[in-house]
Amino acid sequence: MAENGKPKDDNVILDVKGLKKYFPITGGMMQRVVGYVKAVDDVNFFVREGETLGLVGESGCGKTTAGRAVLRLYEPTDGTIMFKSRALSQSGKPEWINLRELDRAQLKKVYQDISMIFQDPIGSLNPRMTVYDIITEPLLIHDKIAPDTEDYVIQLLERVGLRAENIRRYPHEFSGGQRQRIGIARSLALNPQLIIADEPVSALDVSVQAQTLNLLNDLKADFNLAYIFVAHDLSVVQHISDRVAVMYVGRIAEMAESVELYSRPLHPYTEALMSSVPRPNPRVKKERIIMEGDVADPSNPPPGCLFHPRCRYVQDRCKTDVPELREIKPDHYAACHFAGELELKGVAEG
């Protein structure tokens, strides 16, 4: 995908290679490091302009950690994070930079191009700040306050479905869905290129989830945004994502266009996840794949494929050799020794 650190595809704006984030485990009286939790271990993915990449997997698989490591909210242990930035460009056109090589002053500028929507709409908003203060905080940090700032904030509020008179209210005066809309408005304040959405609808009611997802889709078209959409709900990810990357114990198991992945998975773990997606037609029966055993321990992963203790297609090679994430079909990647050989079922079948 990349050549001399730059992706070959001109539409790519973020290219992550070999991303790792290890958390140290300490023990003993001296609290020495005795091991590491490999929360993100050699992850590779890319995001194109104007698309949504869904990052999905079980709880604890490392998807949130991967998103935060891209922003360096968690300092990565290793890897390269190539981003096509406008803020650090000297020519006026977006230029490729490695986010891991930036100092704090440069990284602060790049945060004009990359924003984040947090999972908890209550904990992510300062209860002592008004809506106006919350949305203008990024503008204040980056010295972009102007005489017409209040009009700009009102425009953002109305664009996310809130009324202008809410501008002087506090977060506790809103519902959960409204608070998340305030967080979305804040993420748009600096007109970013990429937004990392960390399970932005998981704390919301189902009806409010649908409204928020539709809003995010509309904003993507209006502002020419790209999203990394982190979630564990497969139905939500299918609705909003152009492409989907499936994570398992800190690694990417499979990545493909949404329709392709949901209908024709190439990794046994993806097939097992797809079997749990509810079917809209109750008359259509489908086999539910029950994965036996426990999720691998990221501090003491098994040899070979991390999924082999739970895989019903396991072979001897799976227990010793680590599969690489490789392109099996155009734009369809899988980390399985037998990807393309197995006959796996997706959501669309039946």
Side-chain angles (χ1 to χ4, degrees), residues 1-2 5-7 12-27 30-47 53 55 57 59-89 95-120 123-124 126 137-138 141-142 183 186-187 190 192-200 226-231 245 247-252 296-301 306 325:
M1 184 65 202
K6 299 179 182 179
V12 171
I13 63 169
L14 178 72
D15 190 46
V16 177
K17 293 292 184 185
L19 182 65
K20 297 180 181 180
K21 177 56 185 176
Y22 295 173
F23 293 98
I25 302 172
T26 57
M30 303 300 293
Q31 290 297 296
R32 293 182 176 141
V33 176
V34 296
Y36 292 92
V37 175
K38 298 179 179 180
V40 177
D41 192 17
D42 198 20
V43 161
N44 304 287
F45 64 85
F46 59 91
V47 182
L53 174 68
L55 205 55
S59 297
C61 71
K63 53 189 185 294
T64 292
T65 303
R68 294 188 174 218
V70 168
L71 272 174
R72 284 180 58 185
L73 298 181
Y74 293 148
E75 199 63 42
T77 303
D78 198 5
T80 59
I81 308 169
M82 301 300 299
F83 177 67
K84 193 185 290 185
S85 173
R86 296 178 307 198
L88 292 182
S89 173
E95 296 181 0
W96 284 104
I97 56 170
N98 185 354
L99 297 184
R100 289 205 63 216
E101 297 177 350
L102 303 182
D103 58 31
R104 283 295 162 186
Q106 292 172 318
L107 193 61
K108 176 184 173 182
K109 291 183 179 179
V110 173
Y111 286 158
Q112 299 176 64
D113 296 330
I114 309 177
S115 188
M116 190 162 188
I117 302 171
F118 295 93
Q119 176 178 358
D120 183 5
S124 62
N126 191 327
E137 188 175 24
I141 291 172
H142 293 277
R186 177 178 59 184
S187 72
L190 294 170
Q193 299 167 260
L194 172 67
I195 292 180
I196 300 176
D198 181 16
E199 304 207 34
Y227 291 127
I228 296 177
F229 190 90
V230 178
M247 287 192 69
Y248 184 74
V249 195
R251 295 184 182 178
I252 300 290
D297 183 357
S299 64
N300 185 27
L306 295 175
L325 185 68

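As a basis for the values below, the full set of heavy atoms in this structure was taken, side chains included, without hydrogen atoms, waters or symmetry mates.
Residues Met116 and Leu73 form a side-chain contact, since some pair of their non-hydrogen atoms from C-beta on lies under 4.5 Å apart. Side-chain contact between Val43 and Met247 is present, with heavy atoms from C-beta onward closer than 4.5 Å.
Judged by distance alone, with hydrogens and angles left aside, the side-chain atoms of Ser85 form a donor-acceptor pair with the main-chain N or O of Ala87 at under 3.5 Å. A donor-acceptor pair is defined here as one N or O able to donate and one able to accept, closer than 3.5 Å; such a pair exists between the side chain of Arg72 and the backbone of Leu102. For Asp113 (side chain) and Pro192 (main-chain N/O), no donor-acceptor pair under 3.5 Å exists by modelled atom type. A donor-acceptor pair is defined here as one N or O able to donate and one able to accept, closer than 3.5 Å; no such pair exists between the side chain of Lys63 and the backbone of Val230. Under a 3.5 Å cut-off, the side chain of Lys21 and the backbone N or O of Glu75 do form a donor-acceptor pair. Judged by distance alone, the side chain of Gln119 and the main-chain N or O of Thr64 form no donor-acceptor pair under 3.5 Å. Looking at Ser115, its side chain does come within 3.5 Å of a backbone N or O of Ser187 through a donor-acceptor pair. The main-chain N or O of Asp78 is never found under 3.5 Å from a side-chain atom of Tyr22 such that the two would form a donor-acceptor pair.
Residues Gly18 and Asp42 come closest through the heavy atom pair CA-OD1, 3.2 Å. Across every non-hydrogen atom of Phe229 and Pro200, the tightest pair is CE1-CG, 3.4 Å. In terms of heavy atoms, Ala69 sits closest to Ile81 at O-CD1, 3.6 Å. Between Ala296 and Leu306 the shortest heavy-atom distance is CB-O, 4.0 Å. In plain terms, the two heavy atoms of Gln193 and Ile13 that are nearest each other are O-CD1, 4.2 Å. The nearest pair of heavy atoms linking Ala245 to Leu53 is N-CD1, 4.1 Å.
Separation of atoms CD1 (Ile117) and CD1 (Ile228) is listed at 12.0 Å; rounding is to 0.5 Å. Distance check, rounded to the nearest 0.5 Å: CZ of Arg100 to CE of Met82 gives 12.5 Å. Rounding to the nearest 0.5 angstrom, the gap separating the CG atom in Leu194 from the CZ atom in Phe83 is 5.5 Å. A distance of 10.5 Å separates CG in Leu71 from CG in Asp198, rounded to the nearest 0.5 Å. Atom CZ of residue Arg251 and atom CG of residue Leu325 lie 11.0 Å apart, to the nearest 0.5 angstrom.
When each of Leu99, Ile195, Leu14 is checked for a side-chain contact (heavy atoms from CB on, under 4.5 Å) with Ile114, only Leu99 meets the rule.
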I'd like to know whether Asn44 forms a side-chain contact (heavy atoms from CB on, under 4.5 Å) with Ile252, so could you lay out the CA-CA distance, the side-chain angles of the two residues, the decisive distance to 0.1 Å, and finally the verdict.
CA-CA 7 Å; Asn44 304 287; Ile252 300 290; 5.9 Å; no
Asp15 and Thr80: CA distance, side-chain angles, deciding distance, side-chain contact (heavy atoms from CB on, under 4.5 Å) verdict
CA-CA 8 Å; Asp15 190 46; Thr80 59; over 6 Å; no
Carefully, step by step, assess Gln106 and Glu101 under the rule side-chain contact (heavy atoms from CB on, under 4.5 Å).
CA-CA 9 Å; Gln106 292 172 318; Glu101 297 177 350; over 6 Å; no
Check the pair Thr65, Phe23 against side-chain contact (heavy atoms from CB on, under 4.5 Å), reporting the backbone distance first and the verdict last.
CA-CA 11 Å; Thr65 303; Phe23 293 98; 4.0 Å; yes
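Residue Tyr36 qualifies as open at atom OH: its count of foreign heavy atoms under 6.0 Å is 12 or below.
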